[in-house]
Each structure stands twice: as structure tokens, then as C-alpha cells.
Number of protein chains: 2
Amino acid sequence: MDQAKIRPIPEPSLRRLPAYLFYLRRMLAGGRDVISCPHIARDLHLDPTLVRKDLEATGMIGKPKVGYPIPQLVGTIEEFLGLHNTRDAFLVGAGHLGAALIGYEGFREIGLNVVAAFDADPAKVGGQLRGISVLPMDKLIELAQRMAVHIGIVTVPAAAAQSVADAMVTGGIRAIWNFAPTHLRVPESVVLEEVQLSSSLAVLSSRLNKMLAPE
Amino acid sequence: MDQAKIRPIPEPSLRRLPAYLFYLRRMLAGGRDVISCPHIARDLHLDPTLVRKDLEATGMIGKPKVGYPIPQLVGTIEEFLGLHNTRDAFLVGAGHLGAALIGYEGFREIGLNVVAAFDADPAKVGGQLRGISVLPMDKLIELAQRMAVHIGIVTVPAAAAQSVADAMVTGGIRAIWNFAPTHLRVPESVVLEEVQLSSSLAVLSSRLNKMLAPE
DNA sequence: TAGATTGTTAATCGATTAACAATC
DNA sequence: TAGATTGTTAATCGATTAACAATC
């Protein structure tokens, strides 16, 4: 059990947690108060043992024959994902993608709070992006330090992404969420999560190819 | 060798191919004409053997001591990913995310062509989204059939996503790229690729938590 | 109690990494 | 030729799935 705590959660498990969370919140809203792994597995089309392992990794324990109490389960997953902590973020690149992310409904559910946007384009600076002020790039480092913001979102073109990331690191940002179609380099001490849409499209395109190919 | 053809490429390999492609195109533009796996591996921070396996999976063969001819390598990867075929797509949900995707620079590099957008909002219908006409939802099925479009992009809210996907399937669309924060159900014969930003954010948030936690 | 579900250990599966002969 | 790189086979590693005793 001590060893279980030492071993980190597998990344695939981590990626499944939001799906559990959203599902469990719906169940809770529907008036349910306990649920079993086989039940979750049926609804989400997963293997029951896989679900059990995933829940186990969050530290949750259940009752044989009964299942897991949903309110505690929701709380445990939220806690595990760090949703109970402040999740203030800076967004750099006040274009459509930035606007889309700020308005993304999945965000509210997982509790990310964009407190300011930045852009290199003087025409955008001073304006608003979905109610968020757009500030000039040269304020980024100082403001990040002053406001102790820990998350930076990169939605600039590929060519500008690395210098934006460098500024974020200098400003003390500890986690960078990169949407630019390029791979960034950050120090070991900074968390980097990259959303490479090209990779996703490659999977789609290649599989479609195979599907349409005459055997 | 016959068995190698039968065995499908591992998904992680597939996801790395766009990175190779973009990198190799840059090398080619820089005047290089051959490259070795160790060289690629150094530049992209990957294991050399992993790179070799990935390239092997595309059917490419190299010369010992020399490496691989870059023009052929680029062509082989493009062919493998299906970029030489028409990649016309419909986009449903003419919001910021849709606009962002249409303008996404990574797309041009990988050759996706959005030919029409659709929206349920009458205020948006008849307008343009980055130069693409926005059509009413009830035209989707007929137009997809008539134009033989095979790719559908879903950028609507979670609540509307499944019905949009159903319409796409009815219209003969064979590959769905889903950005809505919900999991879709499609027939076996339809390729589904889901971009779950919540999963990505969960990874970021959880790792940041661990990083900031006092041991 | 009987039976379903949990918790846990073992088996399987697949991807990555290591080892090494073939080759240019 | 010597040496670097390819192609290929084996070892390792980690996630998923299967098996089964414990338990409510």
C-alpha cells in the first residue's frame, strides 16, 4: 500500500479521470448516491477492472457488493486533479483559438480561470477577448510574477511559440499548455502539455485511408 | 516482410509522423538531401531505434551508413498519412473554435480542406466563417452525399454533438473529428478521433499539483 | 446465506529500448 | 578497410485484462 502511493498514476488513467468526473456529476445530479465499477464500465464502454484500477489510483476505496459513494468519489477525483486549488492562467495569443478556449464549456467543468490575455499585435492590445483584457506582451513577465500565476496557455503561431514559452518560464509560470503546432523546450521544473492537432489529424487521416482503401 | 505489412502501425508511431514530416520538410528546404535516424533522433529528442521503427512502418527503406533520402521520405510519409488524397471536410459549429481550426496553420501543412461550415443558429447561417460559407444544418446530409465529403469536424456544444454526428453518418461521412467535450458513438465503419481538451488539462493540472506540492 | 463487487495478484499484450549481425 | 548506420531479433517495461480470494 505504501508502494501504491509511491507509484504514480499511469497517464492513460489520468486522461480517463475527467470522463469519470463528468459522468459521476451527472449521476449525482440524477439523484444516485452509490455506483459500482461494472456499472460505470457499462455506461462508458470500458473494462470493469480498468475502472477499478483507475479509481484505486485516486486513493478511493469502495465497499464490496455495494460500490463507491458518488459524492466522495467526485470529491476525490476533483482533489486528485487539483481542481480545488486556484487554477488561474494567462493566455498568450488573442486569436480565435484563444477565444474558443476561454469560452470552452469543458473548462468551467474542470475549473480553469483565465485572468488575462496577451498579444503582440498592438491592434488587439487594450481590447477584450470574451471579457478578458488583452495586454501587451512586455507586461507578461512582471505580471506573472506579481500575480503568482502558474499556468500559461500558448495559442500563438508556431514561429512565436518558443519565445512566448521562454517569457512564461522567466515569469515563474510552472505549467505550459501548448497549442502551437511545434514542440517546445522547457526546463525540467516546468510541466509541459502539448495539444498537437496535427497528430490527431494524422490518426484520423491515416485510418480513413485504410477504411476507404479497397482492402 | 509480408507479416510486417499485415501488422498495423502502432498509434504512438502514427502520432509522431507529423513531427517527422514537418522536420524533414524544413531539412529539405534547408538544402539537405539525406538524413539518418540518429540525426533525426538527436534533433527531436527521441530514441534512434524508435525513429527507425517509425520510418520502417511507413515502408521506407534506407541505406546502411548513409541514411534515408529526404525527398522520398517526405513523399512516403505524406502518402502514408493520405495527404495525397483529397481531404475535403465539413465543419459543424461556426463558433470561435471552428474559426480557429479553419485558420490553423498546422492544417495547411497536413492538407485539410474545409469546404463548408454548418450551424444551427439562423443568425450565423448565410454568413461566412473565414471565407467559408455557413449553411443551415438541414442541408448537411444531402450535401455530404452529393459532394461525397468524407470528413466531418464537430465543434458544437456537448449537448448537440451526438445528433450532429448521427447526421454526418447518415450523410455518408466516414471520419469524424470531435472537439465537443463528450464521447460520441459511431458505427464500426466510421473512424472517430476525439480531441478531449479536458483530458489534456487534467494531465497538466495533476502534474502541476505534484510539482507544487511540498514533496 | 448467496451472490455481486471489491481488492489484489498473475497473465497477456503491445510499445519501447537494447543488442547485434549485415551492409555500404 | 574501418566504422557508422540499417534491419532485425530479443529484452524490458508498462498498461490492460484475467483470475480469484475476501467481504459485505
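Lettering of chains follows the sequences in order, A, B, ..., and the numbering in each one begins at 1. Every heavy atom of this structure was used, including side-chain atoms; hydrogens, water molecules and symmetry mates were not.
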Discussion item. Between P64(A) and P64(B), which residue's closest nucleotide on DNA chain D lies nearer the 5′ terminus?
Written reply: P64(B)

Worksheet item: Whole Å only: how far is the CG atom of D54(B) from the C1' atom of dT17(C)?
Response: 13 Å

Discussion item. How many whole angstroms separate atom CG of L55(A) from atom P of dG7(C)?
Written reply: 9 Å

Practice prompt. Ignoring hydrogens and angles, state whether a donor on the side chain of R185(B) or H45(A) is under 3.5 Å from an acceptor on the partner side chain.
Written response: yes

Item to complete: Look at the side chain of L50(A) and decide which nucleotide, out of dT6(D), dG7(C), dT16(D), has an atom nearest to it.
Response: dT16(D)

Discussion item. Pick the closest DNA chain D nucleotide for S13(A) and for G62(B) by heavy atoms, then say which residue is nearer the 5' end.
Written reply: G62(B)

Fill in: Strand DNA chain C as a dot-bracket string - pairs counted if Watson-Crick or G-U with both distances under 3.5 Å, | where the partner lies in another strand
..||||||||||||||||||||||

Discussion item. Quick check: closest heavy atoms across N209(A) and L81(B), and the distance to 0.1 Å?
Written reply: ND2-C, 4.3 Å

Item to complete: Report which part of the nucleic acid P48(A) touches: base, sugar-phosphate, or nothing (heavy-atom distance under 4.0 Å, all strands).
Response: nothing

Worksheet item: Looking at the side chain of K65(B), which of dC24(C), dT6(C), dA4(C) is the nearest nucleotide?
Response: dC24(C)

Discussion item. Tell me the interatomic distance from E56(B), atom CD, to dT17(C), atom C1', rounded to whole angstroms.
Written reply: 15 Å

Worksheet item: Is S199(A) reaching over with its side chain to a backbone N or O of R15(B), donor-acceptor style, under 3.5 angstrom?
Response: yes

Discussion item. If I compare all heavy atoms of I153(A) with all of A89(A), which pair ends up nearest, and what's the gap?
Written reply: CD1-CB, 4.3 Å

Worksheet item: Has the side chain of K53(A) got a donor or acceptor that lies under 3.5 Å from a partner of the other kind on the base of dT9(C)?
Response: yes

Worksheet item: Nearest-Å distance, CD (E11(B)) to P (dA15(D))?
Response: 16 Å

Item to complete: Could you pull out the closest heavy-atom pair between M211(A) and V190(B), with the gap in Å?
Response: CE-N, 4.1 Å

Worksheet entry | Distance (rounded to the nearest 0.5 Å) between L17(A) CG and S205(B) OG | 11.0 Å

Practice prompt. Give a yes/no on whether any side-chain N or O of R52(B) is located under 4.0 angstrom from OP1 or OP2 of dT9(D).
Written response: no

Item to complete: Starting from C1' on dA15(C), measure out to CZ on R15(B) and report it in whole angstrom.
Response: 15 Å

Worksheet item: Between dT16(D), dG7(D), dT16(C), which one does the side chain of R16(A) approach most closely?
Response: dT16(D)

Worksheet entry | Nucleotide nearest T49(A) (side chain, heavy atoms from C-beta), chosen from dT8(C), dT6(D), dC24(D) | dT8(C)

Item to complete: Starting at atom CG of L14(B), determine the distance to atom C1' of dG14(C), rounded to an integer number of angstrom.
Response: 16 Å

Worksheet item: For the side chain of D47(B), counting heavy atoms from C-beta on, which of dT16(D), dA18(C), dA4(C) is nearest?
Response: dA18(C)

Worksheet item: Using a cut-off of 4.0 Å on non-hydrogen atoms, how would the nucleic acid contact of K63(B) be classed: base, sugar-phosphate, or nothing?
Response: sugar-phosphate

Worksheet item: Going from CD1 on I132(B) to CZ on F118(B), what distance comes out if it is rounded to the nearest 0.5 angstrom?
Response: 11.0 Å

Fill in: Nearest-angstrom distance from the residue atom CD1 of I9(A) to P of dT16(D)
10 Å

Discussion item. For the OH atom of Y23(B) and the CZ atom of R16(B), what is their distance to the nearest 0.5 Å?
Written reply: 15.5 Å

Fill in: Between P of dG7(D) and CD1 of I61(B), the distance in whole Å
7 Å

